[in-house]
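Quick one: the structure is below, questions incoming.
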Amino acid sequence: MRVSVRNLTKIFRVGSIFSLKKLVAIDNVSFEIGSGEIFSLAGESGCGKTTTAKILLGLEEPTNGEVLYDGIKLKDFVENEMHFLKKVQTVQQNPFSTFNPFRKVEDYLFKTVLRFKMANTKDEALRLIEEKLSVVGLNFDEIKGRYPSEFSGGQLQRISIARALLTNPSFLVADEPVSMIDASLRISIVNLFRDLKERFGISILYITHDLSTAYYVADKLAIMFRGSIVEMGRAQDILDTPFHPYTKLLKSSIPVPDPEYEWDENINLSSTEREEFFAKGCKFASRCPEVMSICRESVPPDFDVNGRVVKCWLYK
Amino acid sequence: MEKIAVAENLRAYYFIKSGDKTTSIRAVDNVSLHFFENEVYGIAGESGCGKSTLLKVLFGEIKPPLKLVDGEVVFKLDGEEYRINSMSLDQLKKIRWKYVSYVPQGSMSVLNPVRKIRRIFLDVIEEHTSMSREEAFSRIESYFEALGLPVRVLDSYPHQLSGGMRQRVTIALATVLNPKVIFADEPTTALDVVVQRGVIQLLKKIHKEQKNTLVIVTHDMGVHAHLATRIGVMYAGRLIEEAETHEIFKNPLHPYTRFLINSLPRFGDRSRKEGTPGSPPSLANLPSGCPFHPRCPIADQICMEMEPDLIEVARNHKVACWKVGVER
Amino acid sequence: QFLNVPREQTVIVPGPKTANPGDFNVIAGWKDPHRGIQQLLLEPLWMDDPVRGEIINALAETGPIYNEDFTKMIVKLRKGVYWSDGVPFTADDVVFTVEMCMKYPEMARHMEFNEYIDKVYKEDDYTVVFELKKPNTRFHTYFIDRWGYWWPMPKHVFEKVEDPVGFTFNPPVGTGPYVLKDYDPAGYWVLWERREDWQRTPTGMIFGMPKPKYVLFYAYETDEKITLAFLQNQLDAAGIGPQALKALLKRSKYVKLYSDFPFVPLVDPVVGGITINTAKYPFNMKEVRWALALALDIVKLSETEEGNMLISALHIPPLPLYRKLYYEPLEEWLQNLTVNGVKVYDPDVPLKIAEVAKRYGWNVPDDPEKIKLGVGSGWWKHLPDVAEQLLLSVGFKRDKNGKWLLPNGTPWKIQLGTNPNDLVAFGVAQQWREFGIDVDVITTYISGINEGNFEVLITGNWPAPEPWGGHADLHRTLYFFHSKYQNKPLGEGVGHVSRWFDERLDKIIDEMEKLDWNDPRNIEFGREGLKILAEELPTIPIGTIGVLTTALVYNDYYWTNWPTLENPYMMPYWHWSQFKYLLTFLEPTGRK
Amino acid sequence: MKFIKSYLIPRLIQYVYMVVIGITLVFLIPRLSPVDPIEQILNTRLRIQNTTPEAVIKMREVMEELYGLKGTLWEQYVNLWKRLLKGDFGPSMVYYPASVISLIRNSLPWTIGLLTLTTLISWVLGLVIGAILGYYKESFGSKILTGILMAINPIPYYIFALTLLLLFCYVFPIFPLGGGFSVGQKISLSWSFILDVIKHGTLPALSLIILGFAGWGLGTKILVQNLREEDYVVYARMMGLRNSKILFSYVLRNAMLPQVTGLGLSLGGIFGGAMMTEILFTYPGIGTLAYNAVRANDYNVMIAISFFSIIAVATALLILDLLYPLIDPRIRYR
Amino acid sequence: MKRILRLFFDMWEDLRFKYAVTVLTALVLLSILSIFSPYDPYKWYVLPTNQPPSLEHILGTDGKGQDIFWLLTFSLKNSLILATIAAVFSRIIAITIGMLSGYLGGTTDRILMALTDTFMVMPVFPLLLLLSSLIKNYLSLPILGLIIGVFGWAGDARVIRSMILSLREREFVVTSKFSGMRTFEVVFGDFVPYLIPVISGGFIGSMMGAIGFEIVLAILGFTRVEIPTLGSMFHWMINFQAMLLGYWWWVLTPIVTAVFLFTALYTLSLSINEYLDPRTRMQRIGAVK
Ligand SMILES: Nc1ncnc2c1ncn2[C@@H]1O[C@H](COP(=O)(O)OP(=O)(O)OP(=O)(O)O)[C@@H](O)[C@H]1O
Ligand SMILES: Nc1ncnc2c1ncn2[C@@H]1O[C@H](COP(=O)(O)OP(=O)(O)OP(=O)(O)O)[C@@H](O)[C@H]1O
Ligand SMILES: [Mg+2]
Ligand SMILES: [Mg+2]
């Protein structure tokens with residue numbers, strides 16, 4: 001499935017209902033996810049990744065802009081809710097809060113199958129569930145009758161993916177699906193995404209702030225900063241040679257699992273996160289090492305650099 | 001190098017009573033280790049394997065349902081020996097923060113929400129030293145300056161600080177009295193990479209200046225690579241491998257450690273990597289023999305039957321695996 | 001100990017709490033006059049005294065003087081009376097007050113005065129003339145004080161006031177023997193001081209000096225606190241419930257009861273009992289009402305009060321005056337009264353009730369006459385069989401559990417409204433239930449009673465309006481039953497809430513209204529009226545019900561010579577207007 | 001500015017609608033019921049005097065006029081607001097022509113004096129003792145005292161107060177039976193008067209304090225028990241801070257926050273008066289006024305008391321909301 | 001069923017739960033005993049009055065000539081019924097309003113919360129007095145229960161609303177939605193389990209409130225005092241001056257019963273709340289050892 005996001009803007013009114021204060025969580029974001037493509041959205045926390053995902057999933061209304069699924073407007077798509085949910089599925093960040101601790105895990109699986117009419121009888125449903133579980137390396141007997149608290153995080157995350165696959169979706173939104181899992185399990189989940197893409201041609205929006213896994217799976221990568229995409233292009237290109245100063249900072253901050261590696265200089269952090277949201281001009285200006293005077297005055301437009309989108313005055 | 005703390009045969013279980021039967025969760029099982037002066041010891045291992053519990057035992061903070069079943073921890077501080085697990089609360093108070101301090105997991109909630117940072121620091125200093133209030137204030141301020149933290153933070157309430165700043169304040173709080181040993185439990189988890197970098201740099205700086213022993217727990221091998229001088233890898237409540245950082249990364253011996261190191265994705269490398277198969281065991285119901293054997297690709301009969309001890313297979317490199325190193 | 005006046009010169013009696021303690025202008029509005037205002041401060045023209053059975057001329061020198069056709073009334077005033085501020089009391093004050101009341105609708109007697117008075121003027125300083133629009137043989141009763149209502153007010157004070165209704169009359173000026181000394185701004189007490197010139201008041205002129213220098217009205221509110229105050233001699237008189245009385249008798253030797261048995265004093269001219277809405281089915285049937293009465297066992301009912309009950313079969317209380325004029329002459333008639341052919345009157349009820357009291361350990365005299373003096377005369381026999389026949393005769397049936405069904409076959413359930421602690425009412429409910437009638441007791445205030453929104457009441461809505469008590473005339477009791485007031489559809493206000501009327505009674509009332517108040521023929525008419533009421537039994541008088549069941553106790557510690565049943569020199573209450581006269585009889589004991 | 005627009009104004013709007021809806025309900029409840037307040041006054045009069053039935057009907061008309069009971073419900077309602085906005089609560093029915101406001105003015109100082117003091121004392125006591133009980137909840141003393149508080153708490157106030165009364169006014173006659181001050185005392189600022197007032201207020205105050213204390217204490221105890229496990233308290237203990245410091249600066253300070261709301265509501269609730277206390281101790285105050293008003297169907301008094309009490313509680317909540325950021329730094333005016 | 005039994009036995013470990021359940025069971029049994037009463041509670045003067053306890057009348061008799069023990073059984077029964085009605089009714093309102101408000105949001109939320117706010121500031125006690133004095137003719141136990149219930153929901157509705165607001169944002173709700181579940185399935189499957197501690201705590205709290213209110217109203221004579229309830233026992237005990245007269249058995253019976261009833265309800269709510277709260281539950285299990 002092809003997903004186009006055009007000029008998406010989301011403004012939250014902060015504070016009470018009478019308040020006029022606005023917070024621009026997503027600022028005019030456009031991107032495209034091709035069929036059978038893993039598109040990764042990365043950036044520090046609070047930059048608007050989840051909000052983007054929620055809009056794509058129809059859980060949040062955009063203030064402006066539109067989302068097209070294979071050319072169909074999201075609004076029209078969502079009209080037929082069951083059909084939409086069947087085509088677009090999600091895997092969430094925290095496997096421990098993906099499932100209600102008071103519900104048996106199998107409940108979710110059976111409900112998904114039956115409600116989306118993937119099967120008519122219980123037996124058929126069971127077969128389907130077995131099938132999808134085997135994709136993620138589990139079998140039904142391990143799951144039967146158990147509550148979420150009885151599983152490890154990795155197992156839950158796999159169940160969560162298996163559940164999403166039950167409807168044979170064309171598009172999967174995975175919002176930081178591995179951030180809460182141990183290093184040793186992380187790679188297996190990410191491998192799974194790769195397989196899904198390759199075997200079933202599913203498009204995946206893979207949201208993360210772990211750039212090394214993005215590098216590992218993503219075809220395309222967009223780096224978000226304070227609501228805007230500051231750099232977007234082929235994942236490997238961006239991470240091998242980042243252009244935007246923020247991407248550079250981000251990349252260099254990743255603790256490389258190599259004892260030989262040393263950081264060159266100390267970085268400076270903003271002590272309150274809110275301020276940058278309300279700055280005019282480039283939002284990174286206050287801590288950009290290469291800041292120029294224009295940066296503080298006006299917001300840089302998207303520059304095309306070697307087939308990459310970069311939102312920085314340096315590349316004018 | 002002097003050993004500053006030695007732990008022998010630690011066993012610490014959680015006892016959980018439900019209905020009429022009690023289950024014990026063996027969160028720390030037969031762990032022996034020691035720390036040297038002025039080193040950074042990293043404890044790695046996947047979540048739920050007992051890292052935090054081990055740290056609590058080492059710090060002497062054992063409360064029901066956790067019980068120390070066996071073993072003890074001995075600190076050698078200023079020539080005195082302290083058997084921390086047999087000390088009363090009042091005795092513990094005397095060494096805490098002055099000699100041994102603790103940076104808890106999840107700094108978000110450990111600062112009193114209705115007290116200004118300055119007051120919290122003051123509480124600690126007044127409790128453990130005989131400094132006057134003025135002295136204490138100047139001490140706090142100069143310490144903040146030394147660490148490169150903005151002094152105005154002192155007059156904020158915890159909720160006014162960003163997550164990274166709060167974590168750094170907590171670290172400063174734990175080290176303001178220049179303790180000999182600092183235990184830090186996942187000080188960077190749940191932080192943004194950029195912020196995480198700031199925290200790591202702070203810890204490094206403190207360590208460099210104060211020359212104390214830093215014991216740091218995290219499952220992020222990247223963090224270990226940056227900070228630790230020695231690393232201990234835990235699995236299912238046991239220490240399964242221990243070596244200097246370079247050694248662990250270059251030459252992981254235990255199959256689990258190997259999975260751990262090799263599955264780390266790196267820039268410039270998109271080749272397929274494999275994660276550890278299977279899922280971690282339940283600490284309440286461990287498999288017989290080596291607890292890793294169900295997931296181990298090279299396990300054989302003995303692994304299922306007997307548990308391997310942690311033995312030194314190379315200089316300063318200990319492993320608990322039947323299949324590794326010298327004959328056993 | 002918490003009193004800053006000499007205790008031995010002070011009489012302390014319970015008073016009501018008021019939320020508006022600074023307002024003494026009782027002629028306007030409808031506020032409580034019994035904080036000492038009607039008792040001590042003000043004198044009426046005439047005072048009614050049920051205990052002595054006479055009308056006392058207070059500010060008036062004589063009774064009213066009517067002209068032939070009762071269209072003119074002349075009142076002669078007592079000379080030498082002075083207001084407490086030293087101004088003489090004259091006809092001007094009376095005329096002024098009457099005219100003032102005619103002017104303001106919020107003022108006492110406004111309606112009646114405007115209906116009857118054509119002109120009021122003074123003939124001389126001590127003679128007031130009322131010219132009436134239409135004849136009224138009992139016009140003067142509007143000026144008789146029995147429990148407060150209308151008193152002459154000082155013209156020299158009120159005429160200077162712009163708004164006599166909102167005027168607080170503070171400090172008040174009166175013709176009574178006491179003046180205001182102090183009052184609680186929170187409304188719990190009022191302290192009165194005897195006037196230096198008490199001789200210049202009707203009280204002083206008729207009865208002499210009131211003995212206490214001070215009188216304190218103090219609101220103790222609850223029985224518990226009244227008892228405690230009494231035990232600490234911080235209270236000289238009180239009306240308390242039987243239970244508190246028991247506690248008191250147990251602990252104090254200075255307790256003096258108005259009457260030992262029954263402790264309920266026979267002084268109030270009301271008769272309590274069962275008020276029935278005869279406009280409601282099935283209470284419109286005389287048989288039903290009689291059945292309800294005969295289903296009651298009055299002796300057993302008296303157990304609710306441990307035998308301390310007053311009994312009246314007739315619709316007037318057995319006060320000494322009424323016994324002589326009505327009960328005794330009608331005794332034989334009562335004894336021969338039959339219902340369904342059965343004689344229903346039992347003259348020995350008082351003695352049987354005395355037995356009950358004896359059983360509960362009360363101090364009962366042996367002399368049957370003395371018992372009857374206290375308890376009253378007889379009452380209806382307990383005749384469940386007759387009651388049953390009566391009900392059957394009008395079509396009622398019993399179901400298989402013995403419960404009564406209405407003639408249409410539905411279960412009969414009576415709604416009985418009463419007060420939350422009226423034990424007699426609960427006793428009545430018990431007995432009716434035993435007889436097979438379902439009773440719902442409603443203990444909270446019921447609205448719309450006057451509009452007919454009730455079935456049966458045992459409350460202050462007496463079975464019949466009160467007679468004067470101090471005068472033989474029963475017109476006041478009877479005329480409320482006149483069909484001109486009673487013959488109204490449900491929902492409209494009526495005279496007496498029973499809504500019962502009878503042509504025979506109408507005639508009697510009309511006749512009485514033509515007679516002078518003192519005409520002895522009134523007594524004959526009164527007897528006839530009582531007979532009709534007894535035969536028809538629109539309501540069932542019992543005697544004392546819960547609200548009336550209070551013991552009248554005095555404290556002999558500082559003051560003695562309180563009135564008693566044997567020596568009823570004056571209405572014995574402190575909240576009635578006669579209290580000022582009572583005070584002249586007291587003797588200090590000299591105790592400190 | 002931002003504060004006014006984004007916080008104060010919406011909060012004031014809330015304040016206004018709470019009051020308006022509240023008053024409307026208070027207005028409607030008695031009017032939708034069949035009770036006729038005038039009837040009771042007439043009834044009392046009828047019983048004592050020989051008023052003719054005709055006169056009664058005329059009197060009724062006069063009274064309806066006087067009390068604003070004429071017209072349709074809507075007209076009455078509009079009239080009510082017209083009067084309320086002028087601060088005119090009309091005349092009392094029972095104490096006619098006294099204005100309702102003057103009645104309330106007579107009672108209010110006593111109620112406020114007694115209740116503010118007792119509420120504050122029992123709140124502070126309950127907070128401190130409750131915190132200690134919760135913090136040392138394993139200790140024997142704590143268990144015993146908690147048990148005692150739990151046993152006292154459910155005793156009906158009337159019984160409890162009556163026991164005190166019997167004990168201290170009769171068995172050991174130390175305190176007066178009731179009233180605000182001694183008969184004959186002149187209201188002044190002299191020592192003897194103040195002493196006298198205190199002596200009269202002691203028992204009512206004591207009864208309120210003990211029962212109030214039991215309530216607050218138990219509430220605080222539970223709060224503190226939970227707070228004890230908060231990360232920052234656990235960490236403070238790890239840091240080796242003294243128990244007293246932890247108890248007061250860490251636990252109590254945080255336990256106070258939810259309890260402040262309760263305090264605000266109680267202080268606001270003062271306008272309802274302490275009915276039982278006032279009846280039993282014959283202590284002057286708004287409670288008996290309300291009680292008697294309910295019994296006599298004195299509409300205007302009831303509406304006025306409800307009005308004040310709604311205003312008071314709403315105001316207390318408003319003030320609290322405005323003050324809260326001062327007590328709890330986490331809360332800002334958003 | 002097995003789960004419930006296990007739950008029960010788990011909680012039975014808690015001393016307070018033991019106490020609460022024991023006392024409540026005893027009190028409920030006592031109230032059930034009323035079926036076997038040899039006396040009609042509406043019949044007075046059937047026994048000699050004011051008799052101290054004896055073998056025949058184990059709690060003595062009162063001034064109305066009733067057996068106090070058997071009267072107590074009826075009173076308890078009625079008070080418990082009243083409390084249950086009030087609690088159920090106020091819970092229904094609280095849950096409905098809280099859920100609707102939290103789930104629907106927007107204008108509905110604002111209107112419902114305006115109503116809720118108002119009920120928070122209403123002077124409950126004077127209004128209760130007023131109401132019960134107004135509808136006296138119809139003031140049966142259930143109606144009194146409903147009236148008390150009407151004033152006891154605002155606080156909990158607010159709590160439930162805010163819980164729903166935060167639950168709505170929980171990730172598992174998204175999972176439920178993407179599993180194709182319907183709204184009612186989400187409400188009952190995802191929300192209700194979290195609301196149960198609040199609801200059960202509120203239930204017990206409002207039971208206590210109702211019993212307390214009934215006692216106060218009855219003492220003041222604003223209820224139908226012929227109906228045996230704890231309140232009417234107090235009413236008559238005070239009315240008959242049992243304290244002044246030293247009828248200790250009559251005085252102590254309702255007091256002791258009330259104290260037991262309240263402490264039991266109170267500790268029950270404490271232990272249930274603690275049990276359902278996972279954090280304190282851990283702690284408790286540890287402490288028992
Ligand atoms: N419902 C909301 N109302 C107001 N502000 C919101 C809301 N949801 C998100 N925001 C704000 O919008 C910004 C973007 O939030 P978002 O959750 O999309 O970030 P994110 O990139 O997913 O962060 P994280 O890495 O922490 O998950 C944040 O500053 C957040 O505080
Ligand atoms: N208070 C407790 N009661 C019972 N079991 C507990 C308790 N705390 C921890 N455990 C269990 O003990 C085991 C070890 O927990 P611990 O917190 O030490 O792990 P960890 O390695 O620090 O994990 P993480 O990386 O998630 O912090 C886990 O299985 C956990 O479920
Ligand atoms: Mg996010
Ligand atoms: Mg941990």
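In what follows, chains are A, B, ... by sequence order, proteins preceding strands, each numbered from 1. Bear in mind that the values here come from a model prediction, so they are computed numbers and not experimental data.
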**Message:** So for Ile238(E), is it side chain, backbone, both, or neither that comes closer than 4.5 Å to the heavy atoms of chain D?
**Reply:**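 Only the side chain of Ile238(E) comes within 4.5 Å of chain D.
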**Request:** Could you look at Leu220(E) and say if it's the side chain, the backbone, both or neither that has a heavy atom under 4.5 Å from chain D?
**Result:**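 Looking at Leu220(E), backbone and side chain both touch chain D.
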**Request:** Would you please classify the geometry between the Phe119(E) ring and the Phe151(E) ring as parallel, tilted or perpendicular, with 30° and 60° separating the classes?
**Result:**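 Answer is tilted, since the angle falls between 30° and 60°.
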**Item:** Whether Ser79(E) side chain and Leu230(E) backbone form a donor-acceptor pair below 3.5 Å
**Value:**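 Side chain of Ser79(E) to backbone of Leu230(E): a pair is present.
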**Prompt:** Non-hydrogen atoms of chain D under 4.5 Å away: do they reach the side chain of Phe260(E), the backbone, both or neither?
**Reply:**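 Looking at Phe260(E), nothing touches chain D.
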**Asked** Highest number of heavy-atom pairs under 4.5 Å with chain E: which of Leu162(D), Leu166(D), Leu265(D), Ile279(D)?
**Response**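 Most heavy-atom pairs within the cutoff with chain E belong to Leu162(D).
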**Asked** Side chain, backbone, both or neither: which part of Met237(E) has a non-hydrogen atom closer than 4.5 Å to chain D?
**Response**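 The side chain, not the backbone.
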**Request:** Pick out which of Leu149(D), Ile222(D), Val224(D) makes a side-chain contact (heavy atoms from CB on, under 4.5 Å) with Leu133(D).
**Result:**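 Single side-chain contact (heavy atoms from CB on, under 4.5 Å) partner of Leu133(D) among Leu149(D), Ile222(D), Val224(D): Leu149(D).
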**Message:** With a 4.5 angstrom heavy-atom cut-off, is it the side chain or the backbone of Ile23(D) that approaches chain E, or both, or neither?
**Reply:**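 Neither part.
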**Asked** What part of Ile159(D) is in contact with chain E, defined as an atom under 4.5 angstrom from a non-hydrogen atom: side chain, backbone, both or neither?
**Response**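 Looking at Ile159(D), backbone and side chain both touch chain E.
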**Prompt:** Looking at Arg228(D), Lys221(D), Glu229(D), which one forms a side chain to side chain donor-acceptor pair (under 3.5 Å) with Gln225(D)?
**Reply:**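 That would be Lys221(D); it is the only one of Arg228(D), Lys221(D), Glu229(D) passing the side chain to side chain donor-acceptor pair (under 3.5 Å) with Gln225(D).
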**Any Leu318(D) side-chain heavy atom under 4.5 Å of Gln14(D) side chain** =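 The answer is no; the side chains never approach within 4.5 Å.
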**Asked** Where does the angle between the aromatic ring planes of Trp250(E) and Tyr247(E) fall among parallel (under 30°), tilted (30 to 60°) and perpendicular (over 60°)?
**Response**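 Parallel.
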**Item:** Residue part contacting chain E, namely of Leu317(D), when any heavy atom lies under 4.5 Å
**Value:**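 The side chain, not the backbone.
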**Item:** Leading residue by heavy atom contact count with chain D [cutoff under 4.5 Å; candidates Leu261(E), Ile219(E), Leu244(E), Val256(E)]
**Value:**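 So the answer, after comparing Leu261(E), Ile219(E), Leu244(E), Val256(E), is Ile219(E).
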**Item:** Segment of Val216(E) engaging chain D (4.5 angstrom heavy-atom cut-off)
**Value:**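 For Val216(E), heavy atoms of backbone and side chain both lie under 4.5 Å from chain D.
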**Asked** Checking Met302(D) against chain E: side chain, backbone, both or neither under 4.5 Å from a heavy atom?
**Response**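 The side chain, not the backbone.
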**Prompt:** Heavy-atom distance under 4.5 Å to chain E: side chain of Ile310(D), backbone, both or neither?
**Reply:**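 Both parts, backbone and side chain.
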**Item:** Side chain to side chain, Tyr232(D) and Val251(D), heavy atoms closer than 4.5 Å
**Value:**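 They are not in contact (no side-chain heavy atoms under 4.5 Å apart), so the answer is no.
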**Request:** Anything under 30° is parallel, anything over 60° is perpendicular, the rest tilted; go ahead and classify Phe308(D) against Phe89(D).
**Result:**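 Tilted.
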